[in-house]
Amino acid sequence: MKTRIVGIMGAMPEEIEGVVSLITNCKVLTAGMRTYYSGRINETEVVVVFSRWGKVAAATTVSTLIHEFHITELIFTGVAGAIASKLKIGDVVIGDQLIQHDMDAQPLMERFEIPLLNKTYFEGNQSLSDLASKAIHQIFDSKQLHTIIGNEELSSFGITHPQLYFGEIASGDQFFSGSEQKTNLTNALPDVLCVEMEGAAVAQVCYEHEIPFVIIRTISDAADEQSHIDFPAFIRKISSKYSVAIIKNMLA
Ligand code: ADE
């Protein structure tokens, strides 16, 4: 049987720093403007890396994890802008369907279809999603949330009872910062819960190499005119702490 090696990618350096601090006997390798940290978290072999931003950056990073580090599964954590109105800042979405919202090879094929794969959506792996769901419920349904993030920080973002959702995540090389962008997206893809810039690219590479994956996104902003203002403080105070706790619980 192949040794289990879990690739862990994060879209923010702050999130990765916390996860790296969980690694024992950490080895560091720098290549192609990425730093790969490998070792163990508890009993599990891991390789942790900051993906950088956007679809190309994320796709090349996961390719390296697959070809150079021989990962057998992939966990991606990061933030996303809310599209569905039910989502609040601090909620978490696990992607059961990933779509590239800026893929458009019409009239050669349907809008959003990935060329040569005869596919529009990539599905997150069920058992990794179950594991992530358990890890997140462990944080939300107990006092764990308040031990990892102070009340003052939670209330500064209006986070009271964060919820976990499963659903469609749309990825593309665009930061959403206005209602027109949101309307255009929901007109074409009414079921999208949130938007980000890497997940569906990582999903495509994993699909092509038969690597099970899960994409986990914390809602950092409402993808509206305020999104860039909320963003850096949220990463520092909230989502970086979520990521560490999620990974810790998933690999306990
Ligand atoms: N990641 C976090 N917020 C985002 C937004 N508003 N647009 C795209 N990616 C994001």
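Note that ligands are numbered from 1 as they come in the structure, with each ligand's atoms numbered from 1 the same way. By convention here, the first residue in the shown sequence is residue 1. These values consider heavy atoms only, across backbone and side chains, with no hydrogens, waters or symmetry-generated copies.
Of the listed residues (Q106, Q100, H101), just one forms a side-chain hydrogen bond (donor to acceptor under 3.5 Å, both in side chains) with D104, and that residue is Q106.
Taking the six-membered ring where the residue is Trp, the centroids of F175 and F231 are separated by under 6.0 Å.
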What short N/O contacts, under 3.5 Å, does ligand 1 make with the protein, listed by atom pair and distance?
from     : atom 1 : to   : atom 2 : distance (Å)
ligand 1 : 3 (N)  : G81  : N      : 3.3
ligand 1 : 3 (N)  : D221 : OD2    : 2.7
ligand 1 : 6 (N)  : F176 : O      : 2.9
ligand 1 : 6 (N)  : D221 : OD1    : 2.9
ligand 1 : 7 (N)  : F176 : N      : 2.8

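Residues Y36 and T61 meet the side-chain proximity criterion, which asks for heavy atoms closer than 4.5 Å.
E153 has no carboxylate O lying under 4.0 Å from a charged side-chain N of K237, or vice versa, which leaves the two without a salt bridge.
With sequence neighbours excluded, the residues satisfying side chain to side chain contact (heavy atoms under 4.5 Å, CB included) with V244 are V19, L22.
With rounding to the nearest 0.5 angstrom, the CD1 atom of I136 is 5.0 Å from the CD1 atom of I216.
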